[in-house]
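Naming: A, B, ... by sequence-line order, numbering from 1 per chain. Since the structure is predicted, the reported quantities are computational estimates derived from the model, not experimental observations.
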Amino acid sequence: MANDKKFVEEITAMNVDFAKWYTDVVKKADLADYTSVKGCMIIRPLGYAIWENIQVELDRRFKETGHENVYLPLFIPEGLLNKEKEHVEGFAPEVAWVTHGGEEELTERLCVRPTSETLFCQHYANIIGSYRDLPKLYNQWANVVRWEKTTRPFLRTTEFLWQEGHTAHATYAEAQEETLRMLDVYADFCQDFLAIPVIKGQKTDKEKFAGAVATYTIESLMHDGQALQTGTTHNFGDNFAKAFNIRYLDQDNTHQYVFQTSWGVTTRLIGALIMVHGDDSGLVLPPKVAPTQLVIIPIASHKGGVLEKATDIYHQLNDLVRVKIDSSDKNPGWKFSEHEMRGVPLRLEIGPKDIEKGQVVLVRRDNREKIIVALSEIKTRVPEILEDIQKSLLAKALSHREAHTSIANSLEQIKESLDKNPGFVKTMWCNEKACEEKVKEEAKATSRCIPFEQENLDTKCAICGKPAKTMIVWGRAY
RNA sequence: CGGAGUGUGGCUCAGUUUGGUAGAGCGCUGCGUUCGGGACGCAGAGGCCCGGGGUUCAAAUCCCCGCACUCCGACCA
């Protein structure tokens with residue numbers, strides 16, 4: 001059986017129509033379902049289990065770096081939202097408003113939180129009085145609502161799930177340290193756990209968060225060459241502290257404003273998983289995040305001893321990996337396709353012939369390699385193979401990104417690169433907004449970030465020719 | 001917010017041109033046979049044709065007015 005044979009007819013091929021492929025995978029892999037409210041999706045058990053795994057792992061890393069979880073209200077009074085000017089202007093167009101409670105019109109409209117900066121600020125103003133109260137390292141897992149015009153499951157939904165970290169510090173330097181520390185947490189999580197390579201960098205002034213001094217980002221490249229911001233951290237300086245009057249008394253008994261940060265990742269990460277690792281047969285999940293890591297498929301399960309053996313294997317592996325046994329009365333072929341669509345990293349086939357030979361057949365989801373393993377060795381081989389799949393997926397995604405990263409020295413070259421080899425384009429840049437706008441207008445691309453890992457490609461800005469200040473990465477983004 | 005498209009059993013759609021008893025495939029339920037890449041037989045269940053108004057003896061079909069979703073652009077995690 002050739003590896004490139006198309007096993008699943010119900011999913012549109014990626015190279016035929018990537019957008020269609022994406023929604024097909026979302027539906028066929030049972031990740032999410034549409035509802036009667038635009039942009040609001042039902043996250044189905046598989047999609048939610050992936051989110052839960054993301055949550056558990058991230059939460060562990062947040063706690064390790066000293067953070068505590070809290071929960072703040074869903075509603076924000078209009079007056080509170082309006083306190084920081086840049087912030088409210090940034091979010092105003094996409095805020096949903098509650099105007100009535102029952103039949104009564106409210107005296108003040110309530111905003112359904114698009115993010116919780118203002119609520120955290122109000123709270124911090126109440127609870128921070130002394131330098132002894134700092135730092136405050138809070139995080140909340142929550143849903144937020146942004147009234148988006150164009151929505152796509154996981155990538156951009158009206159309501160989405162996320163975590164938002166909000167911290168308060170005594171000095172700008174500490175806030176900056178926190179901002180970069182959390183970017184590292186995100187970057188490491190994406191690469192190690194989701195097998196998604198990222199570029200760490202700073203957003204330009206044009207792209208930074210409303211109300212922030214500096215915004216940092218991790219950027220990933222999807223299979224179609226489109227960029228996706230997979231996580232973001234912000235240093236607010238004392239902008240919000242001044243607007244909300246968050247002050248503490250320092251050792252010298254003088255009032256000081258606090259310095260704040262915020263950082264978040266969302267259910268968009270699931271979209272990234274789909275678009276980085278998926279193939280024409282459906283979802284491909286890295287073992288670390290996969291709700292089911294191994295599925296056992298009994299062959300000819302009506303024949304004596306097969307189901308018993310499969311169950312025995314299940315019990316042997318149950319402590320080592322997340323394993324399921326599919327003993328439904330579907331055909332084996334149907335089951336193969338089904339679990340491939342759902343991205344299960346490894347499949348174990350056990351039939352009468354295998355039992356005779358004392359072996360099982362393992363099939364990798366990522367490359368469809370068939371591996372025959374003696375029954376006596378499965379407990380060592382299965383975890384080994386899963387580890388290898390995790391590594392291979394990261395390596396594959398990394399080489400895809402490298403193959404789709406170009407260097408350009410002019411606006412013409414930026415356009416050409418984006419058209420001929422869609423992906424990231426690195427250039428030098430003069431740090432002027434005008435050049436960003438020009439790229440946006442002519443090449444339909446935005447600046448993704450100014451990478452921490454700089455390269456000296458040229459002395460001049462690729463767009464205007466003036467002396468360059470930094471290297472920047474461009475891309476067409478989701 | 002522009003441009004395009006689509007709304008008919010759970011799903012994919014036919015039927016609409018030319019008004020006349022609501023269809024197919026898949027899925028689902030039951031029984032039996034199968035089982036190493038989406039099996040098969042038999043028997044069943046299941047529809048206010050997106051909504052509201054017209055026109056007509058008669059509307060899924062013709063005419064108005066809504067609403068929703070999808071895709072492509074502009075804005076955004």
Side-chain angles (χ1 to χ4, degrees), chain A residues 1-3 5-12 17-24 26-28 33-41 90-95 114-115 144-164 186 203 207 209-210 215 217-220 227-234 262-272 281-282 297-303 306-307 326-341 347-355 357 359-361 363 368 370 372 440-441 444 446 476-478:
Chain A
M1 186 79 44
N3 277 347
K5 180 172 183 305
K6 198 166 178 306
F7 290 98
V8 178
E9 300 300 334
E10 293 170 342
I11 297 175
T12 306
D17 184 343
F18 192 82
K20 186 93 183 342
W21 169 83
Y22 177 81
T23 49
D24 281 352
V26 168
K27 282 185 281 188
K28 298 296 177 187
D33 203 4
Y34 290 96
T35 68
S36 47
V37 180
K38 177 187 164 70
C40 293
M41 59 176 180
F91 279 102
E94 43 188 13
V95 162
T115 179
V144 286
V145 167
R146 298 183 188 176
W147 218 259
E148 298 288 351
K149 308 215 161 124
T150 301
T151 61
R152 302 185 64 190
F154 296 110
L155 294 175
R156 170 155 296 107
T157 46
T158 302
E159 178 187 4
F160 59 91
L161 306 183
W162 77 347
Q163 58 69 216
E164 46 181 324
Y186 286 157
K203 284 287 188 189
E207 298 289 329
F209 182 81
T215 290
T217 179
I218 48 173
E219 296 285 328
S220 303
L228 188 76
Q229 178 177 312
T230 32
T232 179
T233 72
H234 315 287
S262 86
W263 27 275
V265 298
T266 75
T267 33
R268 168 181 275 188
L269 286 174
I270 297 171
S281 299
I297 299 187
I299 307 293
S301 55
H302 60 296
K303 291 191 178 151
V306 172
L307 214 48
D326 186 346
S327 54
S328 67
D329 62 359
K330 298 285 189 192
N331 271 5
W334 193 92
K335 293 179 189 177
F336 297 165
S337 298
E338 186 67 15
H339 296 289
E340 279 171 14
M341 275 196 283
R347 168 172 94 228
L348 186 154
E349 301 172 20
I350 175 86
K353 292 178 205 161
D354 296 314
I355 294 172
K357 296 181 194 160
Q359 64 177 39
V360 299
V361 178
V363 182
R368 287 220 172 76
K370 282 198 179 183
I372 298 190
K440 177 85 186 265
E441 198 170 308
K444 308 283 175 218
T446 50
R476 292 176 179 150
Y478 275 99

So if I take every side-chain heavy atom of [X] and compare against [options], which nucleotide ends up nearest?
X: Glu349(A); options: G38(B), A77(B), G36(B); result: G36(B)
X: Lys444(A); options: A77(B), G36(B), A74(B); result: A74(B)
X: Gln229(A); options: C35(B), A77(B), C71(B); result: A77(B)
X: Lys440(A); options: C75(B), A77(B), G36(B); result: C75(B)
X: Lys149(A); options: C1(B), A77(B), G36(B); result: C1(B)
X: Glu148(A); options: U34(B), G37(B), A77(B); result: A77(B)
X: Ser301(A); options: A77(B), G38(B), C35(B); result: C35(B)
X: Arg152(A); options: C35(B), C71(B), G38(B); result: C71(B)
X: Glu340(A); options: G37(B), G36(B), U34(B); result: G37(B)
X: Val363(A); options: A77(B), G37(B), G36(B); result: G37(B)

Sugar-phosphate, base or nothing in reach of [X], heavy atoms under 4.0 Å:
X: Asp17(A); result: nothing
X: Thr232(A); result: nothing
X: Thr157(A); result: base
X: Lys353(A); result: base
X: Val361(A); result: base
X: Pro93(A); result: nothing

Please measure how far the [atom1] atom in [N] lies from the corresponding atom in [M], and state the result in whole Å.
N: C50(B); M: G10(B); atom1: P; answer: 13 Å
N: U16(B); M: G20(B); atom1: C1'; answer: 14 Å
N: C48(B); M: A22(B); atom1: P; answer: 13 Å
N: G47(B); M: U12(B); atom1: C1'; answer: 16 Å
N: C64(B); M: G5(B); atom1: P; answer: 16 Å
N: G41(B); M: G27(B); atom1: P; answer: 11 Å
N: U17(B); M: A59(B); atom1: C1'; answer: 15 Å
N: A77(B); M: A4(B); atom1: C1'; answer: 28 Å

Inset, instruction - Output, in order, the C-alpha distance, side-chain angles, deciding distance and verdict of side chain to side chain contact (heavy atoms under 4.5 Å, CB included) for Ile297(A) and Arg347(A). - result: CA-CA 7 Å; Ile297(A) 299 187; Arg347(A) 168 172 94 228; 3.7 Å; yes
Across all strands shown, which nucleotide pairs with [N] by Watson-Crick or G-U wobble geometry, both distances under 3.5 Å?
N: G30(B); result: C42(B)
N: G19(B); result: none
N: G73(B); result: C1(B)
N: G66(B); result: C50(B)
N: G9(B); result: none
N: U56(B); result: none

Quick check: does any side chain N or O of [X] sit under 3.5 Å from a backbone N or O of [Y], one acting as donor and the other as acceptor?
X: Thr151(A); Y: Thr158(A); result: no
X: Ser301(A); Y: Leu307(A); result: no
X: Lys28(A); Y: Met341(A); result: no
X: Gln163(A); Y: Val265(A); result: yes
X: Tyr186(A); Y: Thr217(A); result: no

Legend entry - Lys20(A) side chain near G5(B) phosphate (N/O to OP1/OP2, under 4.0 Å): no
Inset, instruction - Flag the pair Ile299(A) / Val306(A) as yes when at least one side-chain heavy-atom distance between them is below 4.5 Å, and no otherwise. - result: no
Inset, instruction - Check whether any side-chain heavy atom of Thr115(A) sits under 4.5 Å from a side-chain heavy atom of Glu164(A), and report yes or no. - result: yes
Any N or O donor-acceptor pair under 3.5 Å from the base of [N] to the side chain of [X]?
X: Thr150(A); N: A74(B); value: yes
X: Arg347(A); N: G36(B); value: no
X: Asn331(A); N: G37(B); value: no

Inset, instruction - Report the residue (Tyr478(A) or Gly351(A)) whose heavy-atom-nearest nucleotide on RNA chain B is the more 5′ of the two. - result: Gly351(A)
Inset, instruction - Assign each of Lys370(A) and Thr267(A) to its nearest nucleotide of RNA chain B by heavy atoms, then name whichever residue's nucleotide is nearer the 5' end. - result: Lys370(A)
Specify the separation, in whole Å, of atom [atom1] of [X] and atom [atom2] of [N].
X: Ile299(A); N: G38(B); atom1: CD1; atom2: C1'; result: 13 Å
X: Asp24(A); N: C11(B); atom1: CG; atom2: P; result: 16 Å
X: Ile297(A); N: A39(B); atom1: CD1; atom2: P; result: 13 Å
X: Met341(A); N: G38(B); atom1: CE; atom2: P; result: 13 Å
X: Ile11(A); N: G38(B); atom1: CD1; atom2: C1'; result: 12 Å
X: Arg476(A); N: C75(B); atom1: CZ; atom2: C1'; result: 17 Å
X: Trp147(A); N: C1(B); atom1: CH2; atom2: P; result: 12 Å
X: Glu441(A); N: C75(B); atom1: CD; atom2: P; result: 11 Å

Inset, instruction - Check Leu348(A), Asp354(A), Ile350(A) against Val361(A) for a side chain to side chain contact (heavy atoms under 4.5 Å, CB included) and give me the one that passes. - result: Asp354(A)
Inset, instruction - Could you pull out all residues at least two apart from Arg146(A) that satisfy salt bridge (charged side-chain N to carboxylate O under 4.0 Å, His left out)? - result: none
Inset, instruction - Go through the structure and list residues passing salt bridge (charged side-chain N to carboxylate O under 4.0 Å, His left out) with Glu148(A), not counting sequence neighbours. - result: Arg156(A)
Restricting both atoms to N or O, compile the protein contacts to nucleotides 27-30 of chain B shorter than 3.5 Å, with distance only.
{"from": "C28(B)", "atom 1": "OP1", "to": "Lys330(A)", "atom 2": "NZ", "distance (Å)": "3.2"}

Legend entry - Carboxylate-amine/guanidinium proximity below 4.0 Å for Lys203(A) and Glu219(A): yes
